[in-house]
S.K.: 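Take a look at the following structure, please.
This structure is a prediction, so every number in the text was calculated from the model and none was measured.
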Amino acid sequence: MKRTMQIWINAADTLLSMIVTKLPSPKQAQRYRVENLYEGPMDDEAANAIRNCDKDGPLMMYISKMVPTSDKGRFYAFGRVFSGTVATGQKVRIQGPHYKPGSKEDLSVKNIQRTVLMMGRATEQISDVPCGNTVALVGIDQYLLKSGTLTTIEDAHNIADMKYSVSPVVKVAVKVKDGKDLPKLVDGLKKLSKSDPLVVCTTEESGEHVIAGCGELHVEICLKDLRDEYAQCEFTVSDPVVSYRETVNETSNQTCLSKSPNKHNRIYLQAEPMSDELCMAIESGKLGPKAEAKERAKLFREKFDWDENSARKIWAWGPETEGANLVVDATQAVQYIIEIKEHVNSAFQWATKEGPLCEENMRGIRFNIMDVTLHTDAIHRGAGQIMPPTRRCCFAAELTAKPTLQEPVFLVEITCPQEAMSGVYNCMNLRRGCVFEENPREGTPLVQVKAHLPVAESFGFVAALRQATSGQAFPQCVFDHWENLQGDCLVDGSKMQDLILAVRKRKNIKVEMPKLGDYLDKL
């Protein structure tokens, strides 16, 4: 029966013919997709060019990934042409993800050396490629990190970046076995972060090279690529560690005060928690800094019960100017406050990147500026006088608002036969997992189980589950959400305090809980 079906309706041919007959052509699709594709106004030259998909129009092209070539250390920039024609030797503007129209930041104007078609493994050289096709370009890989926009229009905005629903939460540190291979490793890490859009490679202050990926398997594949392909040297790998987020459980029990080094400026702050739904909306971009201001304020008012003033007076998002922490100006009629806005924002970015508990990112904290007292003379309220106290005040506000950590949680989908379910439950219970859905597959003896599993417990989970069910269960893990840890970190000997101290020890920070007195100033 199976063989008959294979010959009659061959999966490969059927799928291909379905794609050909059902998917709209680029000419049709780009008419209605331009709103999702383009970041700028919908009536400018670039938007119209994408909408018309005209091969004689101006060039608009998005580079989505870097593909390593057989040539050591060089990459093909692979992407899709949305309008115009890309040709060998053409001069183009290469706009990285941080490019703002009118500025020179993250912009290079270079010539394309060669255009090639990627056909499976082989590459075919070609003189030019019109819009609607995918193409690989040679010679522009050093001007782009992972993705970007290529155009010939002077005032074009970027094509929107691809959004990934997962975030890199599993970290490993790599260390070379032989000291002389260090340059190779550093070079290899650069190439790795170029070729994989999700990997984040960083260097800690302690000198460790850290690779962050989306799960155990993803990190494993990255390490294999690094060892065999990019660095080609031997290195040791530390145990995987999980990144946490710092957050608060309630509003600060006092308004925190911090004074500038010259004692002439005072900043009063309060921290309060934001709902998980709001954090998700910020991270998805609906309420992020790039959203339309009026729409955003309306959403804050109607969905999250913010008052009109707060919704309009958000100063910044952080960390990295787009995270789920906010600074809200709650002051009334304070002189000079607008002049210190930039300094407060940069201090807030710094504070949210490395929180007070164990230098992890903050998440879900709203800082309200209650009041500021500023010196009348502009020279006495420069960045050096405003940034340090703002940062200290953010830390003090967090520590007075029942601080806690959030840990990342995987959504695990397990497919297994009914009789292996006991093994699944045992394995989950041992690892703080929680099964919340069981669906029997109709007509088969299989059951599909959905469960939440903390990332910290997921190392070796696949192997343990296979062992418990004698290889019958197939798990798939994807990052799902952040969850507050139980307990109070300010109580000595609590589980959470031990965890914080362990993280501090790993990061070479003083192994003791931060004291409120270090950050809070007296009147």
S.K.: State, yes or no, whether a side-chain contact exists between Ser275 and Phe304 at a heavy-atom distance under 4.5 Å.
M.R.: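 In short, these two side chains touch, coming nearer than 4.5 Å.
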S.K.: Should Cys416 and Thr469 count as side-chain neighbours, where that means a heavy-atom distance under 4.5 Å?
M.R.: no
S.K.: Does Gln476, at its CD atom, have more than 12 non-hydrogen atoms belonging to other residues, nucleotides or ligands within less than 6.0 Å?
M.R.: no
S.K.: For Asp106 and His98, indicate whether the former's side chain and the latter's backbone hold a donor-acceptor pair under 3.5 Å.
M.R.: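 Indeed, once roles are kept as given, a pair shorter than 3.5 Å links the two residues.
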S.K.: Distance-only, no hydrogens or angles: does the Ser238 side chain make a donor-acceptor pair with backbone N or O of Ala173 under 3.5 Å?
M.R.: yes
S.K.: Which heavy atom in Met362 sits nearest to a heavy atom in Pro319, and how many Å separate them?
M.R.: O-CD, 4.1 Å
S.K.: Indicate whether the side chain of Asp161 and that of Tyr62 have a donor and an acceptor atom separated by less than 3.5 Å.
M.R.: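 Distance-only check passes for Asp161 and Tyr62.
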S.K.: Side chain to side chain contact (heavy atoms under 4.5 Å, CB included) for Cys427 and Phe461? Distances and angles first, verdict last.
M.R.: CA-CA 8 Å; Cys427 199; Phe461 166 70; 4.0 Å; yes
S.K.: Which distance, rounded to the nearest 0.5 Å, do you find between the CD1 of Ile282 and the CG of Asn325?
M.R.: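 Separation between the atoms: 8.0 Å.
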S.K.: Can you tell if the side chain of Asn439 reaches within under 4.5 Å of the side chain of Glu437, non-hydrogen atoms only?
M.R.: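 Yes, their side chains come closer than 4.5 Å.
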S.K.: Does a donor on one side chain and an acceptor on the other come within less than 3.5 Å for Gln95 and Asn158?
M.R.: yes
S.K.: Once you round to the nearest 0.5 Å, how far does CG of Leu405 lie from OG1 of Thr247?
M.R.: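 Between Leu405 CG and Thr247 OG1, I get 9.5 Å after rounding to 0.5 Å.
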S.K.: Taking the basic N atoms (NZ, or NE/NH1/NH2) and the acidic carboxylate oxygens, is any pair closer than 4.0 Å for Arg432 and Glu457?
M.R.: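 Looking at Arg432 and Glu457, the cut-off is met.
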S.K.: Could you go step by step and tell me if Leu357 and Leu399 meet the side chain to side chain contact (heavy atoms under 4.5 Å, CB included) rule?
M.R.: CA-CA 8 Å; Leu357 294 179; Leu399 290 175; 3.9 Å; yes
S.K.: Decide yes or no on side chain to side chain contact (heavy atoms under 4.5 Å, CB included) for Ile369 and Trp315, but give the supporting numbers first.
M.R.: CA-CA 10 Å; Ile369 304 176; Trp315 273 11; 3.5 Å; yes
S.K.: With salt bridge (Lys or Arg N to Asp or Glu O under 4.0 Å) as the test, would you mind laying out the steps for Glu295 and Lys286 before giving the verdict?
M.R.: CA-CA 9 Å; Glu295 286 289 311; Lys286 263 191 281 193; over 6 Å; no
S.K.: Any side-chain heavy-atom pair from Cys222 and Leu192 closer than 4.5 angstrom?
M.R.: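 Side-chain contact under 4.5 Å: yes.
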S.K.: Answer yes or no: are there more than 12 heavy-atom neighbours, outside Glu419 itself, under 6.0 Å from its atom CD?
M.R.: yes
S.K.: Does Asp187 pair with Lys191 as a salt bridge, N-O distance under 4.0 Å?
M.R.: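 Between Lys191 and Asp187 there is a salt bridge, with a charged N closer than 4.0 Å to a carboxylate O.
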S.K.: Rounded at 0.5 Å granularity, tell me how far CH2 in Trp306 sits from CG in Leu287.
M.R.: 9.0 Å
S.K.: With a 3.5 Å distance limit and no angle check, can you tell me whether Lys177 reaches the backbone of Cys233 through a side-chain donor-acceptor pair?
M.R.: no
S.K.: Using the ring of Phe235 (Phe, Tyr or Trp, six-membered ring only), decide whether Arg227 places NZ or CZ under 6.0 Å from its centre and within 45 degrees of its axis.
M.R.: yes
S.K.: Between Arg366 and Ser310, does any side-chain donor sit less than 3.5 Å from a side-chain acceptor?
M.R.: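 Yes, a side-chain donor-acceptor pair sits under 3.5 Å.
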S.K.: Of the non-hydrogen atoms in Pro514 and Pro356, which two are nearest, and what is the gap between them?
M.R.: CG-O, 3.4 Å
S.K.: Is there a ring pair (Phe, Tyr, Trp, His ring centres under 6.0 Å) between His452 and Phe410 once you walk through the steps?
M.R.: CA-CA 6 Å; His452 284 139; Phe410 275 151; over 10 Å; no
S.K.: At their closest point, which heavy atom of Lys184 faces which heavy atom of Ala231, and how far apart are they?
M.R.: CD-O, 3.6 Å
S.K.: Say whether Glu246 and Asn361, considering side chains only, have a donor N or O and an acceptor N or O under 3.5 Å apart.
M.R.: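 There is no such pair (donor and acceptor under 3.5 Å, judged by atom type) between the side chains of Glu246 and Asn361.
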S.K.: Could you check whether any side-chain heavy atom of Phe78 comes within less than 4.5 Å of a side-chain heavy atom of Ser64, counting everything from C-beta outward?
M.R.: yes
S.K.: Stepwise, does the salt bridge (Lys or Arg N to Asp or Glu O under 4.0 Å) test hold for Lys224 with Asp228?
M.R.: CA-CA 6 Å; Lys224 185 181 177 302; Asp228 302 345; 3.3 Å; yes
S.K.: Is there side-chain contact between Cys489 and Met513, with at least one heavy-atom pair below 4.5 Å?
M.R.: yes
S.K.: Closest approach of Ala316 and Phe348, non-hydrogen atoms and distance?
M.R.: O-CE2, 3.8 Å
S.K.: Should Thr255 and Leu269 count as side-chain neighbours, where that means a heavy-atom distance under 4.5 Å?
M.R.: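 Result no, sub-4.5 Å side-chain heavy-atom pair not found.
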S.K.: Test your reading of the model: is there a side-chain donor-acceptor pair from Tyr38 to the backbone of His157, 3.5 Å cut-off?
M.R.: yes
S.K.: Quick check for you: to the nearest 0.5 Å, what is the distance between Met66 atom CE and Ser193 atom OG?
M.R.: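 Reported to 0.5 Å precision, the distance equals 10.5 Å.
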S.K.: Should Glu407 and Arg245 count as an ion pair when the cut-off is N to O under 4.0 Å?
M.R.: no
S.K.: Working to the nearest 0.5 Å, report the span between CG of Leu37 and CZ of Phe82.
M.R.: 5.0 Å
S.K.: Looking at Arg301 and Glu308, is there a salt bridge between them, counting it only when a charged N and a carboxylate O are closer than 4.0 Å?
M.R.: yes
S.K.: Any sub-3.5 Å donor-acceptor pair from Arg431's side-chain atoms to Phe459's backbone N or O?
M.R.: yes
S.K.: Looking only at heavy atoms, which two atoms of Ser243 and Trp482 are closest? And how far apart?
M.R.: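 Ser243 and Trp482 have their closest heavy atoms at O-CZ3, 3.6 Å.
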S.K.: Assess the side chains of Asn484 and Gln486: does a donor N or O sit below 3.5 Å from an acceptor N or O?
M.R.: no
S.K.: Do His209 and Lys175 touch side chain to side chain, with heavy atoms closer than 4.5 Å?
M.R.: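 Answer no - side chains too far apart.
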S.K.: Return the CZ to CG distance between Phe75 and Asp141, rounded to the nearest 0.5 Å.
M.R.: 7.5 Å
S.K.: Closer than 3.5 angstrom, by distance alone: can the side chain of Arg392 be matched with the main-chain N or O of Leu520 as a donor-acceptor pair?
M.R.: no
S.K.: Applying the side-chain hydrogen bond (donor to acceptor under 3.5 Å, both in side chains) criterion to Lys353, which one of Glu360, Glu359, Glu320 satisfies it?
M.R.: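 Per the side-chain hydrogen bond (donor to acceptor under 3.5 Å, both in side chains) rule, the option paired with Lys353 is Glu320, out of Glu360, Glu359, Glu320.
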S.K.: Assess whether side chain to side chain contact (heavy atoms under 4.5 Å, CB included) is satisfied between Thr236 and Val174, documenting all intermediate values.
M.R.: CA-CA 6 Å; Thr236 52; Val174 290; over 6 Å; no
S.K.: Does Ser252 reach the main-chain N or O of Ala271 with its side chain, forming a donor-acceptor pair under 3.5 Å?
M.R.: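 Yes; judged by distance alone, with no hydrogens or angles, the pair exists.
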S.K.: Just list the side-chain donor-acceptor pairs under 3.5 Å for residues 490-501, sequence neighbours left out, or say none.
M.R.:
from	atom 1	to	atom 2	distance (Å)
Asp492	OD1	Gln497	NE2	3.4
Ser494	OG	Asp488	O	2.9
Ser494	OG	Val491	O	3.0
Ser494	OG	Gln497	N	3.3
Gln497	OE1	Gly493	N	3.0

S.K.: Verify whether one side chain among Glu483 and His481 offers a donor that lies under 3.5 Å from an acceptor in the other.
M.R.: yes
S.K.: Would you say Lys313 has more than 12 foreign heavy atoms packed within less than 6.0 Å of its NZ?
M.R.: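 Buried by this count: over 12 neighbours within 6.0 Å.
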S.K.: For Ser258 and Cys393, work out which heavy atoms get closest and say how close.
M.R.: CB-CB, 3.7 Å
S.K.: Does this structure show an ion pair linking Glu438 with Lys450, if we count only N-O contacts that are shorter than 4.0 Å?
M.R.: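 Looking at Glu438 and Lys450, the cut-off is not met.
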S.K.: Say whether, by atom type as modelled, one donor and one acceptor occur between the side chain of Thr404 and the main chain of Val248 under 3.5 angstrom.
M.R.: no
